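Structure first, then comments.
Quick caveat, the model's predicted, so the values are computed rather than measured. Quick note: numbers below take in every heavy atom, side chains included, and nothing from hydrogens, waters or symmetry partners.
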Amino acid sequence: MIVATVNVKLIPMEADPSGEAAVRRFTADEAIRMVEEGIVGEDEHYELLEGKLVDADPTTGDEIIRRFTGDEAIRLVETGIVGEDEHVELLEGALVEMSPQGPEHASAISMLADRLRETYRGRAHVREEKPVSIGPYSLPEPDIAVVRGNTKNYARRHPVGAECILVVETAFSSQRIDRRKGRIYAAGGVEVYWLIDVVGRKLELWTAPVDGAYRVIRTLDADDVVELPESSERWLVRELFV
């Protein structure tokens with residue numbers, strides 16, 4: 001049974017153990033509601049400590065933080081425990097806070113998505129900031145995903161990694177979290193991942209996922225050419241920037 005430790009001091013959002021991003025913390029009321037809504041089972045032995053659902057490993061005594069599945073994360077939003085306007089993504093079982101986009105970031109995504117739609121028109125569907133289902137514990141929301149099929153194919157489910165022709169993250173200051181997401185995309189079978197470094201005006205091209213890791217990572221400069229997967233088009237890297 002979950003115990004909401006109401007007398008514990010809830011600390012501010014802090015970095016996750018890898019130092020990459022802030023993990024959303026929960027209040028005592030939210031933890032109680034998780035049990036009431038059936039998201040967390042009454043027989044689960046977790047305590048709410050500093051905003052985290054925590055148990056101890058019976059062998060080592062090490063702290064175990066409860067991970068959420070994709071279905072549970074969706075239920076957290078449906079029940080209002082997590083707000084629809086919160087900028088969080090489910091990465092490896094943790095709800096990770098994402099920085100809000102500035103105008104330049106948003107414009108870069110929109111312009112690139114429009115161009116990709118022209119390239120893949122009639123052959124694939126371009127999604128902006130929509131979830132991709134990667135295993136039970138990750139629902140990353142890439143800036144852009146080019147997926148096979150059309151919108152009707154994903155009316156009742158999110159696409160999985162193997163259905164993605166290309167996934168794109170546009171980074172202004174989030175390279176570390178986007179590289180973490182690269183590991184997740186590789187584990188999900190995303191064949192091609194672009195990490196666009198807008199400030200450095202470079203493109204990291206991640207390909208050949210094997211056993212949860214990309215075997216080939218190339219850094220392309222602004223004057224280099226990148227081939228679009230499953231397309232005959234070749235673009236100058238500089239054309240990816242606003």
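- Residues Ile144 and Leu116 meet the side-chain proximity criterion, which asks for heavy atoms closer than 4.5 Å.
- For the pair Ile74/Leu76, no side-chain contact is recorded, criterion being any heavy-atom separation below 4.5 Å from C-beta on.
- Arg218 CZ: 12 or fewer foreign heavy atoms inside a 6.0 Å radius.
- Remark: Leu95 CG to Glu89 CD distance equals 10.0 Å, nearest 0.5 Å.
- Of the residues listed (Met111, Glu104, Arg201), the one engaging Phe241 in a side chain to side chain contact (heavy atoms under 4.5 Å, CB included) is Arg201, and it is the only one.
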- Query: Going through the distances and angles, do Leu48 and Leu53 end up as a side chain to side chain contact (heavy atoms under 4.5 Å, CB included)?
  - Reply: CA-CA 5 Å; Leu48 183 71; Leu53 297 180; 3.9 Å; yes
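- The CD atom of Glu86 sits 11.0 Å away from atom CD1 of Ile81, with the distance rounded to the nearest 0.5 Å.
- Rounded to the nearest 0.5 angstrom, Glu78 CD and Arg75 CZ are separated by 6.0 Å.
- Here Leu236 contributes atom CG and Leu203 contributes atom CG; the two are 12.0 Å apart, rounded to the nearest 0.5 Å.
- Of the possible donor and acceptor atoms, one in the side chain of Ser110 sits under 3.5 Å from a partner among the backbone N and O of Ala106.
- Within the 3.5 Å criterion, the main-chain N or O of Arg115 finds a donor-acceptor partner in the side chain of Thr119.
- Among all heavy-atom pairs drawn from Tyr154 and Pro159, the shortest one is CE2-CB, 3.4 Å.
- Considering only heavy atoms from C-beta on, Asp143 stays 4.5 Å or farther from Ile196 through its side chain.
- Put simply, CG on Asn153 and CZ on Arg156 are 12.5 Å apart, with the number rounded to the nearest 0.5 Å.
- Under 4.0 Å is where a charged nitrogen must lie from a carboxylate oxygen, and between Glu163 and Arg148 no such pair does.
- In this structure, a donor-acceptor pair under 3.5 Å is present between the side chains of Tyr185 and Glu169.
- For the side chain to side chain contact (heavy atoms under 4.5 Å, CB included) test with Val192, the passing option among Val168, Leu205, Ile165 is Leu205; the others fail.
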Only pairs under 3.5 Å count here: list side-chain donor-acceptor contacts from residues 129-141, not counting sequence neighbours, and write none if there are none.
residue : atom : partner : partner atom : Å
Glu129  : OE2  : Gln101  : NE2          : 2.3
Lys130  : NZ   : Glu128  : O            : 3.2
Ser138  : OG   : Glu92   : N            : 2.8

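- Ring planes of Phe26 and Phe68: tilted class, angle from 30 to 60°.
- Between Phe172 and His105, the ring planes are tilted. Angles from 30° to 60° get that label.
- Counting only residues at least two apart or in different chains, salt bridge (charged side-chain N to carboxylate O under 4.0 Å, His left out) contacts with residues 59-68 comprise Glu44-Arg66, Lys52-Glu63, Arg66-Glu72.
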- Task: Quick one: do Val146 and Arg123 satisfy side chain to side chain contact (heavy atoms under 4.5 Å, CB included)? Show the steps, please.
- Result: CA-CA 10 Å; Val146 181; Arg123 294 184 292 130; over 6 Å; no
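- Considering all non-hydrogen atoms of both residues, Ala186 and Pro209 come closest at O-CB, 3.8 Å.
- One distance of note links CG of Leu240 with OG1 of Thr170; it measures 8.5 Å at 0.5 Å rounding.
- Residue Val147 is not grouped with residue Tyr193 when hydrophobic side chains (ILVMFWY) are merged at heavy-atom distances under 4.5 angstrom, including chains of intermediate members.
- In the hydrophobic clustering of this structure, Trp235 groups with Val126; members are Ile, Leu, Val, Met, Phe, Trp, Tyr whose side-chain heavy atoms approach within less than 4.5 Å, directly or through other members.
- The cluster map of Ile, Leu, Val, Met, Phe, Trp and Tyr, joined by side-chain heavy atoms under 4.5 Å apart, puts Val160 and Val190 in different clusters.
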- Would you check, one step at a time, whether the test side chain to side chain contact (heavy atoms under 4.5 Å, CB included) holds for Arg180 with Arg183? CA-CA 5 Å; Arg180 175 182 174 185; Arg183 299 195 299 268; 3.4 Å; yes
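- The pair Asp197-Lys202 does not meet the salt-bridge criterion, since no charged nitrogen lies less than 4.0 angstrom from a carboxylate oxygen.
- A pairwise comparison of heavy atoms in Glu227 and Trp194 identifies O-CZ2, 4.3 Å as the closest pair.
- Under a hydrophobic-cluster definition in which Ile, Leu, Val, Met, Phe, Trp and Tyr are linked whenever side-chain heavy atoms come within less than 4.5 Å, directly or via other members, Ile64 and Val35 are assigned to different clusters.
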- Message: What verdict does the side chain to side chain contact (heavy atoms under 4.5 Å, CB included) test give for Thr79 and Arg33, after you've listed the backbone C-alpha separation in whole Å, the side-chain angles of each residue and the deciding distance to 0.1 Å?
- Response: CA-CA 9 Å; Thr79 57; Arg33 284 201 60 203; 4.0 Å; yes
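- Of the possible donor and acceptor atoms, none in the side chain of Asp221 sits under 3.5 Å from a partner among the backbone N and O of Asp223.
- A donor-acceptor pair under 3.5 Å is absent between the side-chain atoms of Arg179 and the main chain of Leu195, judged by distance alone.
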